[in-house]
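Encoded as structure tokens, the structure appears first; notes follow it.
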Amino acid sequence: MKIRNVSRKSLPAYLAVFLIMLLFEAPRLNPLLEREGAKYPFLLEAKEILEQIGEKSGIYGLSRRLHDGFSHTVSLFGEPVNAAPHIAAYMDTWRENAVRGAQNGSADKTAAATANAAKTDGKTGEALPQTDLNSQDSGQNSGQDSGQNSGQNSENPTSSVRETGQAEQTGVQNAAQSYTYSAKNYPFSEKLVQQAENPGGIACYNALLPDYGKKKTVLLIGDSMMMEGLGPTLHHRLRRRDNLDVYREGKYSSGLSRPDFYDWPSNLTAMLEKYRPDLLIMSLGANDTQDIVIDKKRYFIDTKPWAELYLQRSKEFIALADDGRRHIVWVSLPVMGKEPYFTRTRLISQLQEEASKTAANAEFVNIEHLLTENGKYTTFYKDKNNQSIRLRSQDLIHVSTAGGEILTDYVLPTVDKHLSALYAEDVPLSYPPAAGMASRVTFTSKLRQKLTEYYIWLPQTDTVLKEKPRAPLAVQETIAAQLGGKKFPVLYLLHGATGSGKDFAEQMGQKLQKLADSRKVIIVAPSCEPFGWYLDSPLIPDSQIAAYITEELVPHIDSLYPVNGRRAIAGLSMGGHGALLIGFKNKSLFQSMASISGVLDIRSHVQNWNIKKLLGEYAQYPERWEENAVQGMIAQKWPATSPRSIIVLTGAQDTLVLEENRKAKELFYKRGFKIDYAEKPGGHTWEFWNEYIPQVLEKQADYLNSVK
């Protein structure tokens, strides 16, 4: 009886431990649940429930932090961590949320978007810069940083921020029209958008890019090739995107040769009616290497009549899917390990490719060259640790999960191209940012739950584009073309309290453009809330500025512009704090970090600049302040050496932050960091920043260009 009572009491605890283990192992379980979910739908439902529990309970976040912490530790004491997988993981996030800001061009929708933006700004205390490009009011008002405004604004963040009256309506309407640029890159003579010279001498304009917010539906269909290998991994990758509804249907041992076993045309019609997909991804034919029988007449495999009949069936099959608007991606069969089986599947793929050409929005993707060694079939391959990884099943036909990941990596760019074309149909014609001038770009942030902006400077080139971009789909190609096909480092420049990215365009736009031209770098200045402090607030859900920069902005920039993977981050005042905070916590993303007049110990300002609204009272939550104080991180969490470039510069007469910068310097030296520290004549003013920020950015650009 006692044993039974103990068992009854222990069962809930055992179940709770088992549930927690499931949540922590979700990344490993997801591919299995995805693969088997096509046969057993309840597994997908179970996966969704686990994801909801994991997110709401915070276990997913803890798991990610533990993983990131482990990766960071490895990077500090072992070989440098490769940033490519880190960025690749963020790429899906960018594709879910990237490049928003396109309104439909109607006055009603524009006014509604304007009202929503104004409401959000009032709540958060941020006023986005006026879209009216003739406006020059922010240089003296919002451009002043925390040193001169802290006394009157510590409790009222909106008091020193300019009003947003017209709030973007003019810019959206103008951007929806066709226009030309004064730069030689765009020698077109069409209606000109407002393009006034600002105090920095650089013309700013709104770049309108595709809206990736409207959900599209993707349907994956096929035989065992879609049920195993490629299908589950591609399904899993696409289902992680919030802007897609993704479904997968299939039938083992099916094909176009045996409609008596499984009638694909009738079932495809039913699937299209059920899901109404915008994009259809197909892979089938592995079971079609057999004779075809029609009315007791046999068409033998390996004969010309058989090939003609199979081609006709393939054309009829894709014609069923082609409604003139739907996009179709037909994936070939992989190389096979048996003969004459592979010779026959290769012929089937060739016939399917020919049939694909009959549909307007269809594309055939040949994957035969993948999963091979020296062009021949292989079951295993050796990774960088010389360990054998299985690519194929023992039947020499089907693909393993590892093989499916390789196929997915190859197929995804084609899928994304067609998704981009679908999204582009929803927005008016737009133009990409132009080289040689400050360009204002907007996109919607999922983390910040609003339309966000950044200012970007692209290096001027001698490239002259003969044609204007014809659709938003060509944005990446057009930017790459106007920059001569070269790739560049990126400098991220963070503004101070009460300010925005526009401050840099107005105060030193010409200097930044000159630096971009001479050092061949791209400069990005995001607007990140007047009192966002570049941290992730546990109290305000839409104030996740650090995550916004690393998980949304950086992947967005990496995907849209020709970059080479080298990055630096710098900032003034609040931005100096943000540059070191984000730089320290994301070592694999930034090779150089710099603080100019930085607030390097927020613990010294517990009653100032609304920091407590983000973190809570210091007395109640000291650990939160410690985690987000640069001095606290230097003193407690970081090793004695650092391979990155660190620059700390402040004004010798800057009574606001001079002492905490000196204290940070001593902590850096005590922990063995090699830093470039300097105190220059000046205070917490734009006069000081105008002189020294370009010099700091030049050092960072030279450092990035010297890194191999």
Side-chain angles (χ1 to χ4, degrees), residues 30-41 43-44 218-239 246-268 270-271 280-292 301 310 313-314 317-318 321 328-353 364-368 370-372 377-379 390-408 410-411 415:
N30 283 344
L32 173 64
L33 296 176
E34 291 280 1
R35 183 172 64 252
E36 300 299 324
K39 293 183 291 184
Y40 308 106
L43 291 177
L44 291 178
V218 180
L219 175 62
L220 291 74
I221 64 168
D223 54 19
S224 56
M225 292 300 166
M226 190 56 77
M227 307 305 288
E228 301 178 12
L230 170 65
T233 54
L234 182 59
H235 189 188
H236 173 66
R237 297 266 197 98
L238 293 175
R239 287 187 77 247
V246 188
Y247 305 94
R248 183 160 52 103
E249 292 272 10
K251 178 69 175 178
Y252 280 87
S253 304
S254 66
L256 301 181
S257 293
R258 292 284 307 275
D260 58 315
F261 170 73
Y262 187 79
D263 188 350
W264 261 110
S266 344
N267 282 282
L268 175 61
M271 293 174 188
L280 181 68
I281 305 175
M282 308 188 301
S283 180
L284 74 165
N287 305 293
D288 287 334
T289 58
Q290 55 184 300
D291 299 343
I292 298 176
I301 187 74
Y310 191 85
R313 287 189 174 182
S314 298
F317 185 66
I318 201 168
I328 304 169
V329 174
W330 198 332
V331 183
S332 79
L333 296 172
V335 62
M336 301 297 184
K338 297 179 180 180
E339 286 291 1
Y341 182 63
F342 176 48
T343 299
R344 292 169 176 169
T345 58
R346 173 175 282 176
L347 172 63
I348 287 172
S349 292
Q350 292 171 351
L351 296 173
Q352 292 174 350
E353 182 175 13
F364 190 82
V365 181
N366 195 318
I367 59 172
E368 285 182 2
L370 302 174
L371 311 185
T372 62
Y377 173 93
T378 183
T379 301
R390 176 178 285 276
L391 300 176
R392 309 297 290 270
S393 300
Q394 294 180 350
D395 60 8
L396 308 183
I397 296 175
H398 293 95
V399 178
S400 70
T401 299
E405 293 287 353
I406 294 174
L407 298 183
T408 297
Y410 185 80
V411 172
V415 172

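- Residues Asn366 and Ser349 form no side-chain contact, since every pair of their non-hydrogen atoms from C-beta on lies 4.5 Å or further apart.
- The shortest non-hydrogen separation linking Leu220 to His235 is CD2-N, 4.0 Å.
- When each of Leu407, Ile397, Leu284 is paired with Met225, the side chain to side chain contact (heavy atoms under 4.5 Å, CB included) condition holds for Ile397 and for no other.
- Residues Met227 and Glu249 come closest through the heavy atom pair SD-C, 4.4 Å.
- Just one residue in the list Glu368, Arg392, His398 forms a side chain to side chain contact (heavy atoms under 4.5 Å, CB included) with Pro334, and that residue is Arg392.
- For the pair Ile348 and Tyr310, the tightest heavy-atom approach, listed with the atom from each and the gap, is CG2-OH, 3.5 Å.
- Between Leu347 and Gln350, the closest side-chain pair of non-hydrogen atoms falls below 4.5 Å.
- In this structure, Asp223 contributes its side chain and Lys251 its backbone to no donor-acceptor pair below 3.5 Å.
- Between Ile281 and the choices Leu230, Leu219, Val365, Leu238, the side chain to side chain contact (heavy atoms under 4.5 Å, CB included) rule is met once, by Leu238.
- In this structure, Thr378 and Leu391 have side chains that are in contact, with non-hydrogen atoms separated by less than 4.5 Å.
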Open item on the list: Using the rule given for side-chain contact (heavy atoms from CB on, under 4.5 Å), can you reason through Thr408 versus His236, listing the C-alpha separation, both sets of side-chain angles and the distance that settles it, and then say yes or no?
Closed with: CA-CA 10 Å; Thr408 297; His236 173 66; over 6 Å; no
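- Nearest heavy-atom pair, Phe261 versus Ser253, reported as atom, atom and distance to 0.1 Å: CE2-O, 3.4 Å.
- The aromatic rings of Phe317 and Trp264 sit perpendicular, their planes meeting at an angle over 60°, well past the 30° parallel limit.
- Taking 4.5 Å as the limit, some side-chain heavy atom of Pro232 sits within range of a side-chain heavy atom of Arg248.
- Between the side chain of Asn267 and the backbone N or O of Asp263, at least one donor-acceptor pair lies under 3.5 Å.
- For the pair Thr345 and Thr289, the tightest heavy-atom approach, listed with the atom from each and the gap, is CG2-CG2, 3.8 Å.
- Here Ser257 pairs with Asp288 under the side-chain hydrogen bond (donor to acceptor under 3.5 Å, both in side chains) rule; sequence neighbours left out.
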Open item on the list: Does Met226 form a side-chain contact (heavy atoms from CB on, under 4.5 Å) with Met282? I'd like the steps, not just the answer.
Closed with: CA-CA 8 Å; Met226 190 56 77; Met282 308 188 301; 5.8 Å; no
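- Side chains of Glu339 and Tyr377: no donor on one and acceptor on the other come within 3.5 Å.
- Annotation: side chain of Tyr341 is not in contact with side chain of Leu396 (no heavy-atom distance under 4.5 Å).
- Looking at Ser400, its side chain does come within 3.5 Å of a backbone N or O of Arg390 through a donor-acceptor pair.
- None of Ile367, Thr233, Leu371 except one satisfies the side chain to side chain contact (heavy atoms under 4.5 Å, CB included) rule with Val399; the exception is Leu371.
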